[in-house]
Amino acid sequence: MNRTAVVTGASSGIGEATARRLAAEGFDVVAAARRRDRLDKLAAEVPEIRAVTLDVTSQESVDELAASLDRCDVLVNNAGGAVGLEPVASGDVADWQKMYDVNVLGSLRVTQALLPRLVESGDGVLVMLTSVAGLVSYEGGGGYNAAKHAQSSMAEVLRLELCGEPVRIVEIAPGMVHTEEFALNRFRGDSTAADRVYQGVPGPLSADDVADAVAWCVTRPAHVNIDRLVIRPRAQAAQYKIHRV
Ligand code: 8X3
């Protein structure tokens, strides 16, 4: 039986690219997300991918995912995102709640549900997709910074608590990645504002670049734990140091 990888938020962006890449690496992939129509297209295209409807904010939905699995060797906690860029002083509590629920509690629910399977596999790998926003803070980052810092912290705690168990905990923290939806969601559907983020940047990362990093981390020998991998485009030396042409 092939090793099984579960990828959350697999209907677009980094999640979709990771599902495709892990399938190409020989995994049976469970692509999980809310938007079933997109998952079904993906599964129809790539035979190694199975679509599962998942809402990481629902415990019932997460439990159903867990019950549908024969095994789980790799879990990629990718579902997440940013909503809004308001200062803390005027940020909307509902936006913060949403970001916390999807990024942090979503990862917690799926991790709790699948951890026994990862341990059972004898060489489990949990990948926490965070962000450079979880390592540094910036004006307007507010709720997203808080959520990504929390996820980053969860990865560290898990690594400590699971030391001695056959599970690796990997954090991947991408910088600027040009995906279909990340900036669009952050700017609440304003495509002009979203496009401005990447304007003139020669080579922001693509979802495939991050999927490549995920694939590398999870295919190292069992004794090698990549604790944290920070991946940025060459044009982004730091959060504020972006080369534009
Ligand atoms: C997204 C990266 O730089 O917009 O996770 O915070 S950044």
Side-chain angles (χ1 to χ4, degrees), residues 7-18 21 33 56 76-88 91-92 95-108 110 127-156 170-214 217 226-244:
V7 182
T8 69
S11 57
S12 71
I14 293 171
E16 180 186 343
T18 298
R21 177 61 192 270
V56 298
V76 184
N77 275 321
N78 164 75
V83 188
L85 255 180
E86 290 77 18
V88 172
D92 186 339
D95 287 343
W96 282 57
Q97 241 159 6
K98 186 170 179 202
M99 285 188 274
Y100 204 83
D101 201 17
V102 178
N103 292 278
V104 187
L105 302 182
S107 296
L108 176 65
V110 180
V127 178
M128 193 74 88
L129 240 307
T130 62
S131 165
V132 291
L135 310 176
V136 293
S137 300
Y138 49 86
E139 298 97 318
Y144 186 61
N145 284 146
K148 286 298 178 186
H149 275 76
Q151 253 186 290
S152 175
S153 163
M154 197 196 313
E156 276 188 35
V170 176
E171 176 185 355
I172 298 185
M176 183 185 279
V177 187
H178 194 172
T179 59
E180 200 186 332
E181 293 179 313
F182 176 81
L184 206 55
N185 288 336
R186 172 170 256 181
F187 289 102
R188 307 175 199 286
D190 178 345
S191 57
T192 310
D195 289 348
R196 219 175 288 136
V197 172
Y198 311 103
Q199 220 156 40
V201 178
L205 296 180
S206 67
D208 284 339
D209 294 323
V210 181
D212 189 38
V214 175
C217 289
I226 308 300
D227 286 9
R228 176 183 289 151
L229 191 153
V230 179
I231 175 170
R232 289 182 184 272
R234 189 178 63 192
Q236 186 191 33
Q239 210 63 17
Y240 290 105
K241 184 73 180 172
I242 299 173
H243 173 61
R244 293 183 197 265

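Every number for a ligand or one of its atoms is a count from 1 in the order of the listing.
- Atom CG of residue N77 and atom OG1 of residue T130 lie 11.0 Å apart, to the nearest 0.5 angstrom.
- Atoms of ligand 1 lying under 4.0 Å from any heavy atom of G175, numbered from 1 in the order shown and given with element: 2 (C).
- Counting non-hydrogen atoms of other residues, nucleotides and ligands closer than 6.0 Å to CZ of R188 gives a total above 12.
- In this structure, atom 6 (O) of ligand 1 lies nearest to the protein heavy atom Y138 OH, 2.5 Å.
- Looking at atom 3 (O) of ligand 1, its nearest protein heavy atom turns out to be Q239 NE2, 2.5 Å.
- Taking 4.0 Å as the cut-off between side-chain N and carboxylate O, D212 and R21 count as a salt-bridged pair.
- Side-chain contact between L129 and V210 is present, with at least one heavy-atom pair separated by less than 4.5 Å.
- If you number the atoms of ligand 1 from 1 as listed, the ones under 4.0 Å from a heavy atom of S131 come out as 1 (C), 2 (C), 5 (O), 6 (O).
- Here R186 has side-chain heavy atoms under 4.0 Å from ligand 1, and that is the only part of it that gets that close.
- Atoms of ligand 1 found under 4.0 Å from any heavy atom of A133 (numbered from 1 in listed order, with element): 6 (O).
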> Do F182 and V197 pass the side chain to side chain contact (heavy atoms under 4.5 Å, CB included) test, and can you show the C-alpha distance, the side-chain angles, and the key distance before you say yes or no?
Replying inline: CA-CA 11 Å; F182 176 81; V197 172; over 6 Å; no

